[in-house]
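All residue numbers refer to positions in the sequence shown, counting from 1. Computed from a predicted structure; not experimentally measured.
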Amino acid sequence: MDPIWYFAIASIIAVIGIVVVFGQLSNKLEDQLNQGEVSSDFTQSLTTQLLIRVTIIEIVPILLIVFGFIQLTGTESSVIPLVLTLVVFAIGLIRLFSKRDLLKHSNIDQRTKVFYQSTQKTAMMLAASFPVITLIAFIM
C-alpha cells in the first residue's frame, strides 16, 4: 500500500472525529441555552470534554502518521488520497461553519458567543492539522 494512504486515512479519521465532537458540543450548548443561561462552569466543562475527546480520537491518526513516515520513500504517490483528504476536510469545514446558527439563538449572551466562536476556531485548526501533514507528506 502506498504510504500516502496512511496519511489520508489519519486525516479522514481526525477530521470526521473532530467535526462529530464539535457537533455534540454545539448540541449540548444549544440544549443549555434552551433551558436558560449558560454558566462559566458549564462552558469549562464543555471545553474539557472537547479536549479530552479530541485527544482520544487523535490517538489512531497519530499512530497512522508515524507509520506513514516510517514507510515513506521518495517514490511517486497517487493523487487520489490527497484529493480525498482535501474533500473530507472541505466538507468538515462546511459542517463546522454550518453550526453558526447557534449564535443567533435568542438566549445567548456575549460571553457565550465569544466562547462558542473561539471553540469553533479551535476545532477548525485541530481539524486542519492532519490534512496539512498529509499535504506535506505528499510533497515529500
Enquirer: With no hydrogens and no angle check, do the side chains of Tyr116 and Thr43 hold a donor and an acceptor under 3.5 Å apart?
Expert: no
Enquirer: Do you know the tightest heavy-atom contact between Tyr6 and Gln71?
Expert: CE1-CG, 4.1 Å
Enquirer: Take Arg111 and Val114, measure what side-chain contact (heavy atoms from CB on, under 4.5 Å) needs, and give me the verdict at the end.
Expert: CA-CA 5 Å; Arg111 182 182 51 79; Val114 169; 5.9 Å; no
Enquirer: Do Leu84 and Ile12 come within less than 4.5 Å of each other through their side chains, counting heavy atoms only?
Expert: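 Heavy-atom side-chain distance check passes, below 4.5 Å.
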Enquirer: Roughly how far apart are Glu30 CD and Gln35 CD, rounded to 0.5 Å?
Expert: 11.5 Å
Enquirer: Please report the interatomic distance CD1(Ile9) to OG(Ser11), rounded to the nearest 0.5 Å.
Expert: 10.0 Å
Enquirer: Closest approach of Val54 and Val21, non-hydrogen atoms and distance?
Expert: CG2-CG1, 4.4 Å
Enquirer: Step by step, work out the side-chain contact (heavy atoms from CB on, under 4.5 Å) result for Val132 and Phe89.
Expert: CA-CA 10 Å; Val132 167; Phe89 177 60; over 6 Å; no
Enquirer: If you round to the nearest 0.5 Å, how far is NZ of Lys28 from OG of Ser45?
Expert: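 Here the interatomic distance stands at 7.0 Å.
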Enquirer: Taking Val83 as the starting point, is it possible to reach Ile133 by hopping between hydrophobic residues whose side chains are less than 4.5 Å apart?
Expert: yes
Enquirer: For a quick test of reading the model, state the closest non-hydrogen atom pair linking Leu126 to Glu58 and the distance between them.
Expert: O-OE2, 4.1 Å
Enquirer: Could you walk me through whether Thr85 and Thr134 pass the side chain to side chain donor-acceptor pair (under 3.5 Å) check?
Expert: CA-CA 8 Å; Thr85 299; Thr134 302; 4.7 Å; no
Enquirer: Are Leu82 and Ile91 grouped together when hydrophobic residues (ILVMFWY) are joined by side-chain heavy atoms under 4.5 angstrom apart?
Expert: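 Cluster IDs for Leu82 and Ile91 match.
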Enquirer: Picking from Met124, Arg95, Gln24, what satisfies side-chain contact (heavy atoms from CB on, under 4.5 Å) with Val19?
Expert: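 When side-chain contact (heavy atoms from CB on, under 4.5 Å) is applied between Val19 and each of Met124, Arg95, Gln24, only Arg95 qualifies.
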Enquirer: Nearest heavy-atom pair of Val15 and Pro131: which atoms, and what distance?
Expert: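 Nearest heavy atoms, Val15 then Pro131: CG2-CG, 3.9 Å.
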Enquirer: Quick one: are the ring centres of Phe7 and Phe130 less than 6.0 Å apart?
Expert: no
Enquirer: What heavy-atom pair brings Pro61 and Ile13 nearest, and what distance separates the two atoms?
Expert: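 For Pro61 versus Ile13, the nearest heavy atoms are CG-CG2, 3.7 Å.
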Enquirer: Would Val60 end up clustered with Ile18 when hydrophobic side chains under 4.5 Å apart are linked, directly or stepwise?
Expert: yes
Enquirer: Assess whether atom CG of Leu51 is packed by more than 12 heavy atoms of other residues, nucleotides or ligands within 6.0 Å.
Expert: yes
Enquirer: If hydrophobic clusters are built from ILVMFWY residues whose side chains come within less than 4.5 Å, do Ile136 and Leu63 share one?
Expert: no
Enquirer: Evaluate the side-chain contact (heavy atoms from CB on, under 4.5 Å) criterion for residues Leu46 and Leu50: first the C-alpha distance (whole Å), next the side-chain angles of each, then the deciding distance (0.1 Å), finally the verdict.
Expert: CA-CA 6 Å; Leu46 285 180; Leu50 173 77; over 6 Å; no
Enquirer: Looking only at non-hydrogen atoms, find the nearest pair between Ser78 and Ile4 and report the distance.
Expert: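 Closest heavy-atom pair between Ser78 and Ile4: O-CG2, 4.1 Å.
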Enquirer: Assigning hydrophobic clusters by single linkage (Ile, Leu, Val, Met, Phe, Trp, Tyr; side-chain heavy-atom cutoff under 4.5 Å), is Phe138 placed with Phe69?
Expert: yes
